[in-house]
There are 2 protein chains.
Amino acid sequence: MLRLSKLTDYAVVVLARLEEAEDGRVLTAPGLAAATGLGEPTVAKVLKTLSHAGLVEGRRGASGGYRLARPLAAMPLTEVIAAIDGPIALTACVDNAAGCCETEDRCAVRGRWDPVNDAIRRTLSGISIADLAGASAVMPPHAAGARRPATFAAE
Amino acid sequence: MLRLSKLTDYAVVVLARLEEAEDGRVLTAPGLAAATGLGEPTVAKVLKTLSHAGLVEGRRGASGGYRLARPLAAMPLTEVIAAIDGPIALTACVDNAAGCCETEDRCAVRGRWDPVNDAIRRTLSGISIADLAGASAVMPPHAAGARRPATFAAE
DNA sequence: GCAATCCGTACCATTCGGGTCCTGATTTTT
DNA sequence: AAAAATCAGGACCCGAATGGTACGGATTGC
């Protein structure tokens, strides 16, 4: 379904909520869970992962919590996806990886996916979390002004 | 991982092989399986799905088989993905679908994914199966000429 | 020193994709 | 006309990976 994991979705929600904290104030994981309506352990897991990727910073100890490492406008969607779901690649065959499939010698699409993956990354890197957080519309990166709104090209 | 299913990958391989048939000649599912090195039941399943989507046409009976309904150059990647994996949507929340999640009233990203999905579809619809079948390089839709080849934007 | 909080890891369950098989419908060939 | 070959459609089962949980440890503030 070309769909990213729920955790990534949660991450965006949590990050959006996290931006509302004033200046350097930190928010606790249970607090964020209550604010977003998500499960407390799940939120904690997401925050840990995001912290590991350097997108949020955690402060330990009493009166600890999390805060954004960067403003959301400087946080491309690609980084969040890569942090939660891993590297962005549509297929397992990336960079002509050898031995990934047994029919690689007669595979007609060897290495052909790489430009596609690159196009996807380029598209996604032009979208910041701030665009998803409700501020304004998505900024069109370099693409033309979206023609018809949200019509399925094929369905 | 933002990765599409193996079946879609197989579909592209099978379609690429199917284009090599001369004029109106049909190829059998077992024959395509042998030519691509994939499992025979799997190829049959993929072909049935593609036939249902109108991308290939099946002829029954002895000396039957499959042939392309269109040249690959006129077959955007979006259609193949939609045929195998279903509609292209990164999250379950599409078009403000109500009732999909229980926290929709306080969700900060309500409806914000739609433009993202649209951007993905626009990127993918600019790529045809012919571009993946080995003919030439991927045509850059409107984006700038791919800078460095296949570097991970975020990893 | 105690409490609160983050950190890391390990663990289990459910879901979904991947793959196989069977039966039926249709067409060609003998 | 019978038989063989092939597509069509569905049911089914297994495995992997996501999603969610739990526990012990480290760190900081009161």
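Within every chain, numbering begins at 1; the chains are lettered A, B, ... in the order of the sequence lines, protein sequences first and strands thereafter.
- Residues in residues 60-76 of chain B take part in these side-chain hydrogen bond (donor to acceptor under 3.5 Å, both in side chains) pairs, two or more places apart or across chains: B:Glu57-B:Arg67, B:Arg70-B:Glu79.
- Between the CG atom of B:Leu2 and the P atom of D:dT18 there is a distance of 13 Å, rounded to whole Å.
- Put simply, CG on B:Leu4 is 9 Å from P on C:dG18, counting in whole angstrom units.
- Taking the charged nitrogens against the carboxylate oxygens, A:Arg121 and A:Asp118 do have a contact shorter than 4.0 Å, which makes a salt bridge.
- The separation between A:Leu18 atom CG and C:dC6 atom P is 11 Å, rounded to whole Å.
- Contact annotation: the side chain of B:Ile120 never approaches that of B:Thr123 to less than 4.5 Å [non-hydrogen atoms, C-beta and beyond].
- End-to-end axis angle of the helix from C:dG1-D:dC30 to C:dT30-D:dA1, from C1' rotation axes over five pairs per end: 10° (rounded to 10 degrees).
- With sequence neighbours excluded, the residues that form a side-chain contact (heavy atoms from CB on, under 4.5 Å) with A:Glu20 are A:Arg17.
- Side chains of B:Thr91 and A:Asp9: no donor on one and acceptor on the other come within 3.5 Å.
- As judged by a 4.0 angstrom heavy-atom cut-off over every strand, A:Ala29 is placed among residues touching the sugar-phosphate backbone only.
- Taking all atoms of both residues into account, the shortest heavy-atom contact from A:Ser128 to A:Ala73 is CB-O, 3.5 Å.
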Return all side-chain donor-acceptor pairs below 3.5 angstrom for residues 41-54 of chain A, not counting sequence neighbours, or 'none' if the list is empty.
{"unit_1": "A:Thr49", "atom_1": "OG1", "unit_2": "A:Lys45", "atom_2": "O", "d": "3.0"}

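- In this structure, A:Glu57 atom CD and C:dT5 atom C1' are separated by 16 Å, rounded to whole Å.
- For A:Pro30, the side-chain contact (heavy atoms from CB on, under 4.5 Å) criterion is met by A:Thr28, A:Glu40, not counting sequence neighbours.
- When rounded to the nearest whole Å, the span between CZ of A:Arg67 and C1' of C:dC6 equals 15 Å.
- Atom OH in A:Tyr66 sits about 12 Å away from atom P in C:dT5, given to the nearest Å.
- Following rounding to the nearest Å, B:Asp85 (CG) and C:dC16 (P) show an atom-to-atom distance of 14 Å.
- Of all heavy-atom pairs spanning B:Val26 and B:Arg59, the tightest one is CG1-CD, 4.3 Å.
- With rounding to whole Å, A:Ile84 atom CD1 is found 10 Å from D:dG19 atom P.
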Classify every nucleotide of nucleotides 20-30 of chain D by which part a protein heavy atom approaches to under 4.0 Å, writing B for the base, S for the sugar-phosphate alone and - for neither, in 5'-to-3' order. BB----BBBS-

